[in-house]
Amino acid sequence: MNSRRNFLQKMAGSALALPVLSSITTKAHAAKPQPPYQGPVLRVAILGLGSYGERVAEAMKDCQRAKLVGLVSGTPAKLKTWQAKYGIAEKNCYNYETLDQIKNNPDIDAVYVITPNGLHKDFSVRVAKAGKHVICEKPMANDAKEAQQMVDACKAAKVKLLIGYRMHFEPITLDIVHKRKAGDFGKVLFFQGLSGFIIGDPTQWRLNKKLAGGGAMMDIGIYSINGSRYMIGEDPIWVTAQEVKTNPEKFKEGVDETITFQLGFPGGAVASCLSTYSLNNLDRFFLDGDKGYAEMGPSTGYGPIKGRTNKGEVTYPHVTHQTVQMDEMSDIILKGKQPEIPVDGEEGLKDMKIVDAIFQAVKTGGKVAIKY
Ligand code: NAD
């Protein structure tokens, strides 16, 4: 961990500092020693101490501009273990009953909601009402209606709402987006997104409609949806979709196993995507224009991400996505920084509207218009 921290500190201001990324091409700049960061630090509490919460907590050890200072959990034993592991003060620990009292705690700026999807809305609304900024994991909610309620609650409470879209800060992704914006691929007309893995334990919350909001689409298909938008640079206006279920025992009513879907974009581009819980090695993006192409595989995993274009490989040193994400989110919340690819509630809401339209298209078998 220390060597990673040293590496990150050395790289700060060069390859890891995202504003600089816009001005460099495919190679990292030589590392220059940087003075220690002296600016404001986002003080974060994690709500939901599960496996992804732990990944975020570990990654935050290397953050410069964000710090894990609080915990919220329904399991007292977990609070104790995490408190010791991450050095969290007792006064910054809450359970689901005491959560609302966080409003009286001046030492916490934001709460990162990392529970099963079906709980995101209620917890995010409670956090907003307590006057704290909300960072919420993807998918933002179980559907667009809930997502809208989250956006409204945060607006009313005058707090920021950000969605845990870590790829929006990933260097290879950003470089390819810059190339597309610069016209390197010409007029983009096609995107392919493949997202899937074989899911295990049939009793887990990811296969429970109430807690997951659906199946593979909510968990992994959302990467292809979101990816199609940042890779093409537009929001889709129609969708068609087809569902295949080979194991109705494991994938019950309302829990999708495999869905193929097609998205139409205002500029004439189309996307063809696959979301599944029944195939491994599906983590690929392909973007094609009349002058060139980009492909990524892996495209959205924890990395290293691999990217290439018709001109060759796109390489950057691997960074821990969640470390960069939390440092950047600190700047968004505390300094009003505008990220290159938005990560706010409205962005998450758009994805939820597309998910709703996909489920509707599966049901009707027709083409469904997407309204924002
Ligand atoms: P997990 O099952 O490992 O953890 C979920 C946590 O929520 C656990 O601590 C659990 O105790 C708690 N919880 C509270 N109420 C619960 C309830 N009623 N049922 C079940 N658990 C309950 O799940 P995870 O993999 O950490 O996923 C959590 C969230 O993070 C999900 O929204 C998921 O989509 C998201 N996630 C995002 C990424 C990413 O790369 N951005 C990766 C993995 C997970």
Side-chain angles (χ1 to χ4, degrees), residues 45-60 71-83 85-86 93-99 111-124 126-127 134-143 146-147 150 162-170 173 195-197 199-227 230 255-256 275 277 283 298-305 319-326 328-329 341 343 347-348 351-352 355:
I46 290 183
L47 186 160
L49 312 182
S51 60
Y52 195 65
E54 187 160 13
R55 186 176 284 275
V56 171
E58 286 297 315
M60 285 186 73
L71 303 170
V72 187
S73 172
T75 315
K78 263 199 248 174
L79 276 176
K80 283 274 159 265
T81 318
W82 278 57
Q83 227 185 311
K85 193 167 172 190
Y86 298 105
C93 292
Y94 296 85
N95 59 40
Y96 299 149
E97 283 72 48
T98 60
L99 168 62
V111 177
Y112 195 161
V113 177
I114 317 187
T115 60
N117 315 334
L119 308 172
H120 289 179
K121 189 264 288 173
D122 283 352
F123 278 130
S124 296
R126 281 176 71 183
V127 169
V134 181
I135 304 173
C136 179
E137 253 321 306
K138 48 59 57 181
M140 180 176 174
N142 271 3
D143 54 35
E146 286 188 357
M150 291 163 69
L162 305 182
I163 311 303
Y165 287 133
R166 63 189 159 77
M167 300 315 297
H168 293 204
F169 306 104
E170 193 281 318
T173 305
S195 304
F197 67 92
I199 195 155
D201 179 12
T203 65
Q204 65 185 288
W205 68 259
R206 280 184 168 79
L207 297 173
N208 172 322
K209 162 87 175 148
K210 206 161 165 252
L211 285 173
M217 181 61 64
M218 299 299 282
D219 193 36
I220 189 89
I222 193 138
Y223 284 102
S224 278
I225 293 174
N226 189 247
Y230 61 70
V255 178
D256 51 286
S275 156
Y277 264 159
D283 181 8
S299 54
T300 64
Y302 298 138
I305 299 298
V319 292
T320 302
H321 298 174
Q322 296 81 4
T323 307
V324 180
Q325 173 201 326
M326 294 309 289
E328 287 295 308
M329 286 189 166
I341 310 172
V343 284
E347 179 79 5
D351 286 335
M352 296 317 303
V355 169

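Counting starts at 1 for both ligands and their atoms, in listed order. Because the structure is a prediction, the values reported are computed rather than measured.
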Q) Out of curiosity, Leu71 CG to Trp82 CH2, how far, rounded to the nearest 0.5 Å? A) 7.0 Å
Q) Atom CD1 in Ile46, atom OG in Ser73: separation rounded to 0.5 Å? A) 11.5 Å
Would you say ligand 1 has an N or O under 3.5 Å from any N or O of [X]?
X      : result
Gln322 : no
Gly50  : yes
Tyr96  : no

What residue and heavy atom of the protein are closest to [atom], and at what distance?
atom                    : result
atom 23 (O) of ligand 1 : Trp205 NE1, 3.4 Å
atom 21 (N) of ligand 1 : Pro116 CG, 3.4 Å
atom 16 (C) of ligand 1 : Leu119 CD1, 3.6 Å
atom 44 (C) of ligand 1 : Arg206 NH2, 3.4 Å
atom 30 (O) of ligand 1 : Glu137 CG, 3.4 Å
atom 19 (N) of ligand 1 : Leu211 CD1, 3.8 Å
atom 34 (O) of ligand 1 : Lys138 O, 2.8 Å
atom 32 (O) of ligand 1 : Asn117 OD1, 2.7 Å

Within the 4.0 Å heavy-atom shell around [X], which atoms of ligand 1 are there?
X      : value
His120 : 32 (O)
Tyr302 : 40 (O), 42 (C), 43 (C)
Lys78  : 8 (C), 9 (O), 10 (C), 11 (O)

**Q.** For Asp351, side-chain hydrogen bond (donor to acceptor under 3.5 Å, both in side chains) partners two or more places apart
**A.** Tyr165, Asn226, Arg229
Q: Kindly write out the residues that satisfy side-chain hydrogen bond (donor to acceptor under 3.5 Å, both in side chains) with Glu54, not counting sequence neighbours, or none if the list is empty.
A: Lys85
(Q) Run Glu328 and His168 through side chain to side chain contact (heavy atoms under 4.5 Å, CB included) and show every step you take. (A) CA-CA 10 Å; Glu328 287 295 308; His168 293 204; over 6 Å; no
Q) Where do Tyr112 and Met326 land on the side chain to side chain contact (heavy atoms under 4.5 Å, CB included) test, with the steps shown first? A) CA-CA 10 Å; Tyr112 195 161; Met326 294 309 289; 3.6 Å; yes
Q | Smallest separation among heavy atoms of Asp256 and Ser275, with atom names | A | OD2-OG, 4.4 Å
Q: Write down the atom of Asn95, the atom of Val72, and the distance for their closest heavy-atom approach.
A: O-CG1, 4.0 Å
Under a 4.0 Å heavy-atom limit, does [X] contact ligand 1 with its side chain, its backbone, both, or neither?
X      : result
Arg166 : side chain
Tyr223 : side chain
Leu49  : backbone
Arg55  : neither
Tyr165 : neither

Q.
Run the side chain to side chain contact (heavy atoms under 4.5 Å, CB included) test on Leu211 and Arg206 for me, step by step, so that the C-alpha distance in whole Å, both residues' side-chain angles and the decisive distance to 0.1 Å come before the verdict.
A. CA-CA 7 Å; Leu211 285 173; Arg206 280 184 168 79; over 6 Å; no
Q: I would like to know whether Leu47 and Tyr96 meet side chain to side chain contact (heavy atoms under 4.5 Å, CB included); could you show each step before the answer?
A: CA-CA 9 Å; Leu47 186 160; Tyr96 299 149; 4.0 Å; yes
Q. Between His120 (side chain) and Asn142 (backbone), is there a donor-acceptor pair under 3.5 Å?
A. no
Q. Between Leu47, Val72, Ile114, Thr115, which one has a non-hydrogen atom sitting closest to atom 31 (C) of ligand 1?
A. Thr115
Q) How are the rings of Tyr52 and Tyr302 set to each other: parallel, tilted or perpendicular (split at 30° and 60°)? A) parallel
